[in-house]
Each structure stands twice: as structure tokens, then as C-alpha cells.
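Inspection log for the structure reproduced underneath, given as C-alpha cells.
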Amino acid sequence: MNLSELIHEFILALIEPGILVGSIGTVSFINIANSTFSLGLVFTCISLLYFALNADFIAAAQLLVYVGAINVLIVFAVMITDQSVSSDSEKRGIGYFTALGACSILFLTIVCIFHKINDFYSSSIHQSEYLKLNLFEKNDVQNIGYQLLNKFLVPFELASLLLLVALVGAINPARDEDEGKDIAENKKKSFVSSTSPRDKSSFF
Amino acid sequence: MNDINSFLSRLNSTINFSTILPEIILIVGLITIVITDLVNKGKNAIFLYKIFLVSTLVSMGILFYQLISVIAFEDLYTNNIFNNLFRFFILICSFISVLLSVDYVLCSKISLAEFPLFKISAGLGGMILSCATDLITIYVSLEFLALSSCFLSGYTKRDIRSNEASMKFLLMSGASSSSLLYGFSLLYGFSDGQVQLDNIIDKILFSQYLPTICISAAFILAGTAFKLSLFPFHQWTPDVYEGSPTPVVAFFSVTSKVAALSLFTRLFRLIFPYLSNEWHIVVELLAISSMILGNLIAVTQRSFKRMLAYSSISQIGYVMIGILAADLENGYASMLTYTFIYIFMNLGTFARITLFSLRTGTDNIRDYAGLYMKDPVLTFSLVLCLLSLGGIPPLSGFFGKLYLFWHGWKAGLYISVTVALVTSVISIYYYLKIIKLMLTKTTNPVDTLKTYEKQKSLVSSVISTKLKSSVEMAMILCALASTLSGLFMDPIIKITRNTFF
């Protein structure tokens, strides 16, 4: 192995234990706040993995979306709930063993599939086709930006409108209605008290 | 400067802006509403509704002009008659449903400004859904429509039934759109990364991947059948319709169904032509069960809105026959005409229910007893709309159903048409039950209508100024359209004929 591959392996060897430790911590911490922070560690290490695998846009998206939005949301939800500290983890019923069995079968399936794909792609017949796909473009983000404004312009703009409507709609049930009530009271009073506009429709 | 010029010229060559001009006008209307409300600080909210109506009318005018001079255009939008007709339908739905919702929102003392915002955004989502031809635009516009509808249904936030309705709608629409997305992802994968519907058909090797295409079709069917509320994906419909405020239910029951119909037809027509035997059988089964279930359960309902929810489930069952019966010479004419008539019948019925619930505050069918004595205009217009829904000649519902069933019989769907005829008779029973209740004098000791006059004096000072204007206008429009479209059936059919693609 030359130097760059050695460095690559070294970085991967640093990141992967981080993911493992973080995920074990997420499920086994008693204090829920600790487990949400270790979930943040898992997401950050996954995004570092994407950087190491030369997928810069996905790494940035992972940091922004998973760490910056989803994890923050989970921390927020955990912080405002009332937490009872008791966790009855000593009883291991039938559910525990069923979940253990299902997860291990799933894990073994994924490992087998990855091995098969690895064998498939490392055979020399497909090596040349693989290189032809030209996966190592350096201007990933530029390409995505170009496509967003050319081919996918309509869904892009529509998604920005969707964000606007989602913001308004999220605040609408949550806000205080006192000012709205006062304004409605004033309007009703002005309708009832004035007699002459009553004959004219105020809609037109 | 050079970059901006070249960018604009390239943009203009990829998207011809005149084709999406109606949607752009709606977007301009949306932004105007937001800014006007901000500037006015909550006063003069009727002005916002006027902005909404003006922008919808202008948009309709431009769309009408485009309908007459069809511009053929590729890429994201294909402007064939099918798509344009659906955009027109959705604009009509938005227009009439806002007309009948102004008074309700005023009287319920909730803030007025966000209501036209959500209605415009739902109409916009529906319009873009009607002419989207690639998977991403379809998904984004579907989510736009669903999210705005969800906010609309939870609008009266102090009413606990409205909260329940919007929670149910949000959760179930999220589950169904995730199933739709899974179906799309299978199509995207097997067509070597193509997103446009036409390119997907070109690249997919149907013979090689048939089981996976079937799985994808099943998931897409589950996702779209939710919005259409076909059996067994109809469970959300009665609860959401009963809980949401009545003008919002009127809007739902036409707009999201019309948009989902266009999506359903386009997806299944374009992507799965080789599977047409399989999905025909499945859709026929779903249609038959929706018709039977909708009509039978509607007989037992005590709440008017819930009954209309079940009846709309059965109406969609009838329209499914129209989709299955599409052939080369007639296109989707039967489905389009029946959808057009259905919009007016449904909106007319909801207009009268809104008026009635504004005056008496109740939704029970029993409280409609003896309405003929108190308010003959309301009674007769409700009678017209209900008879049109049932399919009695000479109203337009009869002609729509006749055309639909005739096409279905010609296409060989004998079982479906027989079941549809039988369940139509059952539906006439429960519509006539309501009409009989309204027209006869009541002997019920607990008479809700005794408070009819008293309440009228309390709220009529607010309502009666607008009564001559918006709700009654909507009522009259729908009554006229449901009766007279039967006479103008031929030109309508001629327009909707050339829609096979």
C-alpha cells in the first residue's frame, strides 16, 4: 500500500470506532440527554465518513440536516419532557430476544450482500466499466447547483414556497390569540353599531 | 451582467414562461396577501379575500386563453388538453370555495389572514400537480397540497374536533406519501436514473423486471388511493370531514380529489401500459368496494358532513369506472364531464350546509326537519343539489352518470356498471330521506329550528350584509351549474373528448 491508501485506512480506523461507541452509547445511557448527544456523535462521524469517501455534497447535507436539524430537534424534545429516571433494564423478556434475533439476521444479510457486491465489482471484467462511469468529478456541488436551476427549477421554487407555507402554518396554531380577539371584537362592534353600512354589502 | 443575460436567455429557452403564467399569477397573489396583511396589521381582512378572488379570476382568464390556443411544450410541463382542463377545474374549485367561506371565517372569530394564504397554496399545489410530468415535481406539489390542506383542516384551533381531524390527516397523509415515494424510488432505480415519466418508460425493461414493477405499481396505487379515498384507504375521510370547518371540507372534497384524479390517471396511463390488465382488475375491485361501502354506510349517518364524506367516497368509485373505460376515440371524456359536474354539485351542497350551520350551529340531519317552512330558498336549492348528486333527470348529475355508465358498459365493465347502478339507487334513497325530512312539517318536540329566527337576529347583523354577496352567489352559481349543465352536455363532451394521451 502506498502512503495515500495508508492515510485513508488510518482515517477510517479513527472514524469507525466513533460510530460504534456513539451508537452503543445511544442505546445504553440511562440519562436520555447523554444518549441524544451520543446520537449527535454518530451523525457527525457518518458525515466524516462521507468526506473520506469523496462525497462532499452528501457530507455537507448530512451535517446540515441530521446534525443541525434532526439532532437539535431531538435534543429540544428531550429537554422539555419530564424525565423519570427509573429504567427497568434488568428484566429481559421475550421481546428482547426477538429483537436481538431479528437484528442479527438483518445484520448478517447486509454483510452477505456487501460481500457479494464487493466480489462482483472487484472482478476485472467490470473494472473498466466502473472507471468509465467517471465517478471522481471534483465539481459535485457545482453540478448539483446547475441542475437545480435548470432542470429542476419548478420543484426547487415550489419547495421554497412550501417552506413559507409550512412556517406560517406551524406558527398559526401556536400563537397567542388575544390580539386577534380584540380585532375581531372591534370589527363586530363596528358592524352592529353602524346601521347604514348594514344595507350595503361590505364585501363588494 | 453578461452572466445574468445568458442565464435568463437559457432559462427562457428551457421553460416557456407563458405556460406557467397562471401559476405565477397565483404566486404573485400569495405574496401580495402576505405583504398586505403585514402592512395592514390585521385590519381590513376582507381586502385579502378580494385579492385572492381577483388573482384566481385573472389566472382563470389566462388559462382559458391558453386552452383555446394550445401551446405544445415539452419538458416539465406538457400542455395537452387533459392537463389544462384539470388546472381549470382546480381554479374553479378554489374560486367557489373561497366565496362560500368568507362568512364562516368571519363569524368564527379566528384570524382571517392565513386562510386565503393556505387556500391559494393548496390551489397552486393542485394546479402544478395536474401538469407535472416528472417524479420530483409530482412529489413536491403533492406534499404542497397535502400540507396546505392539513393546515386548513386544523384552522379552527379552539375546536377539538378540528385538532383531531388535522392530526389524523397529517399522519395518514405522511404514511401514504411515503408509500408513494417508495414506489417512485423503484421506478427511478430500474430506469437507470431517469426522473421524467416519458424517459422512464423508454428505459425500463418491462419484461425483465416485471415482479418489481408490479410491487412499484402496488405502492403507487396505495399512495394515490389515499388521496382519492378509495376503499380500503378511505378511513381518514369521515373523521377529517366531520372535524374540519365546513368551507374547508368543501374545498377538500373537490380540490384534492380532482388533483389526485389527474395524478392517478397520468401515472397509471403512462407508466404501466403493459400491466394494464392487472391494474384494471385491481382498480375495478377497489371501485366496486368503494361504491358499495360508501353508499351503504352513508345510509346510517346522522351527521350531514359525515354522510357527504361517505357519498363522496362512492362518487369517486363511479369516476374510477370512467378511468377504466377510456378508449381511443373518446379519451377520458366521461371521467372529465362527471368530475366537472361533481365539482358543482358538491360545492353547492356544501354552500347550503355552511349557510345552515351559520344560522343554527348544528350539523345533524334531524335538525333539518321542516326547513321548508322557515327558508324556502335554501330548501329548494338544497333539493336541487341533492337530486343532482343522486342522479335524477333532468339535472346534470343524471346526464353525467348516464354517460359514465354507458362508456363503462361499452368498455366491457359489466360487473362494475351493474354494481354502480344498484348503489346509485341506494344513494337516491338517502338523499330523498333528507329531502323528505326538510319538506315535511316536523312533530319532533325538540325543534332546533325554533331557535332559527332568534339566532338569525343575533348573527344576521353580521351575515346579512354579506348574504346577498358571497355565499348566496356561490349557491346560485352552483345551483345553476348543476341544473343547466345537463342541457349543455354536448359541448362539454366535445371539449373533453380529445384527451387520450
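Computed from a predicted structure; not experimentally measured. Protein chains get the first letters and strands the later ones, always in sequence-line order, with residue 1 at the start of each.
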Can you tell which part of [X] gets under 4.5 Å to a heavy atom of chain A, answering side chain, backbone, both or neither?
{"X": "B/Ile138", "result": "neither"}
{"X": "B/Ile27", "result": "side chain"}
{"X": "B/Ile31", "result": "neither"}

Legend entry - By side chain to side chain donor-acceptor pair (under 3.5 Å) - contacts of B/Ser141 (at least two apart):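 Not a single residue meets the side chain to side chain donor-acceptor pair (under 3.5 Å) criterion with B/Ser141.
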Legend entry - Residue-level contacts of residues 161-170 of chain B with chain A, using a heavy-atom cutoff under 4.5 Å: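 Result: none.
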Legend entry - Under 3.5 Å: donor-acceptor pair, side chain of B/Ser101, backbone of B/Val98: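 Yes, because the side chain of B/Ser101 sits within donor-acceptor range (under 3.5 Å) of the backbone of B/Val98.
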Inset, instruction - Say whether, by atom type as modelled, one donor and one acceptor occur between the side chain of A/Ser38 and the main chain of A/Thr26 under 3.5 angstrom. - result: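 Present.
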Inset, instruction - Could you label the plane-to-plane angle of the B/Tyr155 and B/Phe118 rings as parallel, tilted or perpendicular, counting under 30° as parallel and over 60° as perpendicular? - result: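 B/Tyr155 vs B/Phe118 ring planes: perpendicular.
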Quiz: residues 102-113 of chain A side-chain donor-acceptor pairs under 3.5 angstrom, not counting sequence neighbours:
residue	atom	partner	partner atom	Å
A/Ser104	OG	A/Leu100	O	2.8
A/Ser104	OG	A/Gly101	O	2.9
A/Thr109	OG1	A/Ile105	O	2.6

Legend entry - More than 12 heavy atoms of other groups within 6.0 Å of A/Ile80 CD1: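 Buried by this count: over 12 neighbours within 6.0 Å.
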Atom pairs and distances, donor-acceptor, side-chain atoms in residues 152-168 of chain A, under 3.5 Å, two or more places apart:
residue	atom	partner	partner atom	Å
A/Ser160	OG	A/Glu157	O	2.5

